[in-house]
Amino acid sequence: MTSSSKNKSLIILGNGADLYCELNTTFKDFLTQENNNNISNIYESLKAIKVCDLSLKNIFLTSKYEIKNHKFLQKIYRFPIYKLLNKNISIDSFLDSEFNQDNSNPKEIEETKNKIKQEINKVIETLETTMKDISEMNFWEILLILMDQTNGSWYDIETCIRDFLTMQSFLSEPDKSAIEYIHDSIRDLNSEEFFSLNEINNYSPLNNFNFRFIIYVIINKIINDDSRKLCLTTIQYQSFLLDELHEFENKFSDFVISEVDKNNSRNDKKHYYRSMNILIRSLIALSDNDKANILSFNYTSVNPNGEFVEKFKNIHGGIYLKKQKSGNINKSNVIFGIDSNTFFPIKLGQKSIDLIYPFTKTQRVIELSTDYKKESKRVNVIENNINEIVFFGHSLGESDYSYFISIFDYYKLHDSKLKLKFVFNPKRNNREPDDNDVRNARSRQAKKISNLINRYANTLENKSHGKNLLHKLLVEDRIQIVDIRDVDTKEMWKK
């Protein structure tokens, strides 16, 4: 038996591989399939809150009547939420309680009150109109649109989830998780004593209009005209966010299934599974090997066959499990999550980290592996006879660093002869790339590779090995960056 037949490649696929095979599964594709109107509603709501904030600040700065209570502005910002929680409260009664303490300038006071009332009523009217549809959306869809991720990659999406849960999206030095801040904010806003408070924390995330909108959305989704439902614990808010994440994953799973079915109904020869098989054959052709194991970060499947693929594994679940889900409707068959080794904000305590941990991919994969009794879930694609790893279509984002570090550890990357080949696609938006596009794509890929290798190098006990790892791989010609057009040729499609 020859050496080439003994050794195999390990091919790691990301969403870019599905896109290359003309499967339209970007976040934007998923989001815009049915939510174009809802996207507009979210932007309209957020714009209304921003305009209200600016208008109120302008009123306070230009008003002839000097408002002595400097915390009043922060209180009035929160009034739309307070009104949602306490439907009997009116802006008139609130303003009267604040301004009637001073009768020195009745005309100026009345003028200021009317201006504030006008702005508050406008934003409440907009929110009440748009929220009817928005509250029917999934929470994570709303959040990702809110954070302007409609054009982001799936890595950007998972980063956004991480930054939300750790509150890095809203605060420079968060000391609690988003779950705790949500709990505390709704608890305080639901208190009858809230507007009698003389002090409001200047560093509260409620000062951020994005966070106020999130609180408004959560209350709308939970309350259902029963404010008692808001007396929840942090664990219950955690469960709410996890349930919403499971629903989000299931919706995406249905979307991918529909896209695969749509793609495979094409009359030409370039349907999804044929395209994927040709792609894999092209990636294997990078080496002297004739077979490969596949580790896929996608949710689509590549059926193992004796000719090219020996073993295949969806690390984050797959659409083929859709009909084999457990009876628990709060479980999903695909996974979105954050890296368990993510760098948490320095002030975040263990209690906060424990609340975030169920959203990590590690915890989610454990749940998935115990939920589904599928043989392929137990397939081990990490074998001793792997002599090269080929990456294609993966963003190499931090949310998956833990997997890559574990793989590099298994093969003792520093001391072995294992080769790493990173294949990139310079083509964007179905436009043929020019030389500048190719240079930029190669440069972006090189930066991601450096970040990944250097992060792994920092985990090595031998610091001198870690310091020179990237140079060692380059000197030994064990790391390559390859343009997919150099390996996926027209001849491949004729076979």
Side-chain angles (χ1 to χ4, degrees), residues 9 11-33 149-159 252 255-256 258-260 262-287 292 294-302 308 388-397 399-400 420-452 479-495:
S9 301
I11 298 176
I12 296 179
L13 300 176
N15 183 241
D18 277 353
L19 298 178
Y20 185 78
C21 295
E22 301 185 14
L23 198 65
N24 299 320
T25 52
T26 65
F27 177 63
K28 186 174 183 179
D29 293 325
F30 166 62
L31 199 62
T32 56
Q33 62 175 329
Q149 291 298 330
T150 52
N151 291 308
S153 69
W154 287 110
Y155 161 62
D156 297 322
I157 303 311
E158 292 174 332
T159 300
F252 181 69
F255 166 69
V256 174
S258 68
E259 287 300 309
V260 170
K262 188 190 308 179
N263 186 288
N264 285 337
S265 67
R266 293 166 52 164
N267 293 323
D268 60 23
K269 293 182 178 180
K270 213 172 181 182
H271 59 71
Y272 174 72
Y273 288 114
R274 183 174 188 273
S275 299
M276 181 57 72
N277 286 333
I278 293 172
L279 171 62
I280 290 171
R281 189 165 61 195
S282 301
L283 296 174
I284 294 174
L286 276 169
S287 69
I294 309 292
L295 179 63
S296 178
F297 285 80
N298 297 327
Y299 309 108
T300 46
S301 62
V302 178
F308 301 115
E388 72 171 19
I389 302 178
V390 181
F391 296 80
F392 181 61
H394 197 291
S395 64
L396 306 180
S399 58
D400 290 324
L420 305 178
K421 297 180 180 180
F422 298 88
V423 184
F424 71 96
N425 179 19
K427 190 174 181 179
R428 291 290 183 273
N429 301 321
N430 296 319
R431 178 178 63 83
E432 284 302 320
D434 56 27
D435 291 344
N436 190 52
D437 293 328
V438 176
R439 281 194 299 271
N440 290 337
R442 187 180 292 272
S443 178
R444 288 192 299 269
Q445 187 77 350
K447 183 177 181 181
K448 292 176 181 178
I449 294 167
S450 296
N451 290 340
L452 171 60
I479 191 166
Q480 296 177 26
I481 302 178
V482 182
D483 187 332
I484 184 62
R485 298 173 303 165
D486 294 335
V487 291
D488 187 10
T489 63
K490 291 182 180 179
E491 284 71 25
M492 283 287 182
W493 287 86
K494 294 177 182 177
K495 293 183 180 180

key: Side chains of Tyr272 and Asp18, donor plus acceptor under 3.5 Å   =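 Indeed, the side chains of Tyr272 and Asp18 share at least one donor-acceptor pair under 3.5 Å.
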
Thr25 side chain to Glu259 side chain, donor-acceptor N/O pair below 3.5 angstrom =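 Thr25 vs Glu259: no donor-acceptor pair found between side chains.
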
If you round to the nearest 0.5 Å, how far is [atom2] of [Y] from [atom1] of [X]?
| X | Y | atom1 | atom2 | result |
| --- | --- | --- | --- | --- |
| Leu13 | Phe391 | CG | CZ | 11.0 Å |
| Tyr20 | Lys427 | OH | NZ | 8.0 Å |
| Ile449 | Asn451 | CD1 | CG | 10.0 Å |
| Asn440 | Asp435 | CG | CG | 11.0 Å |
| Ser282 | Ile11 | OG | CD1 | 9.5 Å |

request  = Over 60° means perpendicular and under 30° means parallel, so classify the ring planes of Phe297 and His394, tilted if in between.
outcome  =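 Ring orientation, 0 to 90° scale: perpendicular.
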
task = Evaluate side chain to side chain contact (heavy atoms under 4.5 Å, CB included) for Leu23 paired with Met276, printing each intermediate quantity in order.
result = CA-CA 10 Å; Leu23 198 65; Met276 181 57 72; over 6 Å; no

Any donor and acceptor pair, going by atom type alone, linking the side chain of [X] with main-chain N or O of [Y] inside 3.5 Å?
| X | Y | value |
| --- | --- | --- |
| Ser443 | Arg439 | no |
| Asp437 | Asp434 | yes |
| Asn425 | Ile484 | no |
| Ser296 | Asn298 | yes |
| Arg281 | Phe308 | no |

message = Quick check: closest heavy atoms across Ile481 and Arg442, and the distance to 0.1 Å?
response =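 Residues Ile481 and Arg442, closest heavy atoms: O-NH1, 3.2 Å.
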
key: Verdict with reasoning, Tyr273 to Asn263, per side chain to side chain contact (heavy atoms under 4.5 Å, CB included)   = CA-CA 9 Å; Tyr273 288 114; Asn263 186 288; over 6 Å; no

message = Run the side chain to side chain contact (heavy atoms under 4.5 Å, CB included) test on Ser9 and Leu283 for me, step by step, so that the C-alpha distance in whole Å, both residues' side-chain angles and the decisive distance to 0.1 Å come before the verdict.
response = CA-CA 9 Å; Ser9 301; Leu283 296 174; over 6 Å; no

task = For the residue pair Phe422 and Ile479, establish whether any side-chain heavy-atom pair is separated by less than 4.5 Å.
result =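 Answer yes - side chains close enough.
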
ask   = Can you find a pair of side-chain heavy atoms, one from Gln480 and one from Leu286, that are under 4.5 Å apart?
value =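 They are not in side-chain contact.
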
task = For the pair Leu452 and Lys448, evaluate side chain to side chain contact (heavy atoms under 4.5 Å, CB included) and give the outcome as yes or no after the intermediate values.
result = CA-CA 6 Å; Leu452 171 60; Lys448 292 176 181 178; over 6 Å; no

